[in-house]
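One structure is given below, encoded as structure tokens.
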Amino acid sequence: MTAHASTQTPAPAPTVRVGVGCFVTKRENGETFFLLGQRKGSHGSGTWALPGGHLEMCESWDTCARREVLEECNVELPPDLVHVATTNNVFRDSVPIKHYITLVMAPRDPAAAFSGSVRLMEPDKCLQWVWVTWNELVRREAAVCRDACADSGSNSDSNSAPSGPLSLEPLFLPLQSLIAQAGSKSPLDF
């Protein structure tokens with residue numbers, strides 16, 4: 001009898017992935033607003049999240065944040081980004097289970113202007129971008145739907161956006177963890 005070598009490649013061992021989320025901020029009427037997008041097509045579909053994505057091999061945190069925000073929102077961030085939080089999340093409802101460490105970045109000065117107009121660059125991954133405040137996020141409801149793409153007309157359903165309150169439920173697991181860490185004190189208040 002001859003032993004035959006297996007031609008099947010073994011499944012890769014589960015790994016912890018690193019994600020980077022970034023606050024894209026603007027100041028208006030004395031309040032700080034930031035972008036929140038409604039995810040679609042991947043784990044966390046239907047949840048609200050900051051712009052962001054996976055850290056690539058040998059990539060710095062701020063380079064990843066800049067790349068992801070530009071790819072997703074058409075926005076170039078101001079020069080000074082800072083690390084404001086880290087979350088450790090296990091997505092137990094995912095098949096297979098996913099485990100992420102998420103690094104949260106923000107402009108050092110939340111009032112610093114970004115360049116570009118917010119656009120929905122990946123409509124297969126995000127349903128819409130809206131502007132919210134930290135207090136609205138904590139309450140899980142924005143007072144009104146502030147379509148971040150209204151000027152460019154690029155949100156997929158911008159014409160049918162509700163004029164009243166906007167539910168921010170459900171939240172992506174890293175945002176839930178961020179709120180649990182920070183409570184009512186915004187991580188942008190540093």
Side-chain angles (χ1 to χ4, degrees), residues 19-53 65-66 68-78 84-85 87 89 91 93 102 104-107 109-189:
V20 175
C22 190
F23 284 99
V24 175
T25 58
K26 72 173 185 174
R27 294 278 297 168
E28 196 172 276
N29 300 324
E31 283 193 276
T32 300
F33 293 87
F34 57 91
L35 279 180
L36 214 55
Q38 193 171 23
R39 297 172 61 92
K40 75 179 206 184
S42 67
H43 77 282
S45 186
T47 63
W48 291 93
L50 296 172
R66 289 174 194 292
E68 289 289 350
V69 167
L70 185 60
E71 288 174 3
E72 294 179 6
C73 311
N74 188 50
V75 166
E76 290 189 36
L77 295 168
V84 296
T87 67
N89 299 107
F91 294 81
D93 293 339
T102 302
V104 183
M105 307 294 288
D109 176 6
F114 59 81
S115 61
S117 60
V118 177
R119 299 200 51 190
L120 187 62
M121 301 299 289
E122 297 177 323
D124 56 319
K125 295 180 181 179
C126 183
L127 193 60
Q128 62 181 324
W129 293 111
V130 296
W131 292 110
V132 300
T133 66
W134 181 258
N135 288 336
E136 289 173 329
L137 182 67
V138 169
R139 284 193 323 265
R140 310 291 203 281
E141 182 177 271
V144 295
C145 180
R146 296 179 205 90
D147 183 349
C149 300
D151 293 337
S152 66
S154 71
N155 265 348
S156 59
D157 292 325
S158 60
N159 292 333
S160 61
S163 59
L166 173 67
S167 172
L168 300 176
E169 287 282 0
L171 293 178
F172 195 42
L173 191 53
L175 263 186
Q176 293 176 39
S177 295
L178 184 60
I179 291 169
Q181 287 176 22
S184 61
K185 183 174 174 11
S186 169
L188 299 171
D189 295 337

Output the distance between atom [atom1] ([X]) and atom [atom2] ([Y]), rounded to the nearest 0.5 Å.
X	Y	atom1	atom2	value
L188	T32	CG	OG1	6.5 Å
I179	S184	CD1	OG	11.0 Å
L35	C149	CG	SG	7.5 Å
L137	L178	CG	CG	7.5 Å
L171	R140	CG	CZ	4.5 Å
L175	T47	CG	OG1	8.0 Å

Is there a side-chain contact between V24 and P51 (heavy atoms, below 4.5 Å)? yes

Within-4.5 Å side-chain heavy-atom neighbours: Q128 and W48: yes

Specify the closest pair of heavy atoms between [X] and [Y], including all atoms of both residues, with the distance to one decimal.
X	Y	value
R146	A142	NH1-CB, 4.4 Å
C126	K40	N-CG, 3.8 Å
C22	L50	O-CB, 3.8 Å
M105	V20	CG-CG1, 3.9 Å
N74	S117	ND2-O, 3.0 Å
L168	E136	CD1-O, 3.8 Å

For S115, does its backbone N or O pair with a side-chain atom of E76 as donor and acceptor, under 3.5 Å? no

Heavy-atom donor-acceptor pair, R66 side chain to L77 backbone, under 3.5 Å: yes

Using 30° and 60° as the class limits, which term best fits the ring planes of F114 and W131: parallel, tilted or perpendicular? parallel

Fit a plane to each ring of F34 and F23, take the angle between them on a 0 to 90° scale, and name the class: parallel (under 30°), tilted (30 to 60°) or perpendicular (over 60°). perpendicular

Ion pair K125/E71, N-O distance below 4.0 Å: no

Is the CG atom of D93 crowded by more than 12 outside heavy atoms at less than 6.0 Å? no

Run Q38 and F172 through side chain to side chain contact (heavy atoms under 4.5 Å, CB included) and show every step you take. CA-CA 9 Å; Q38 193 171 23; F172 195 42; over 6 Å; no

Between the side chains of S45 and R39, does any donor sit under 3.5 Å from an acceptor? no

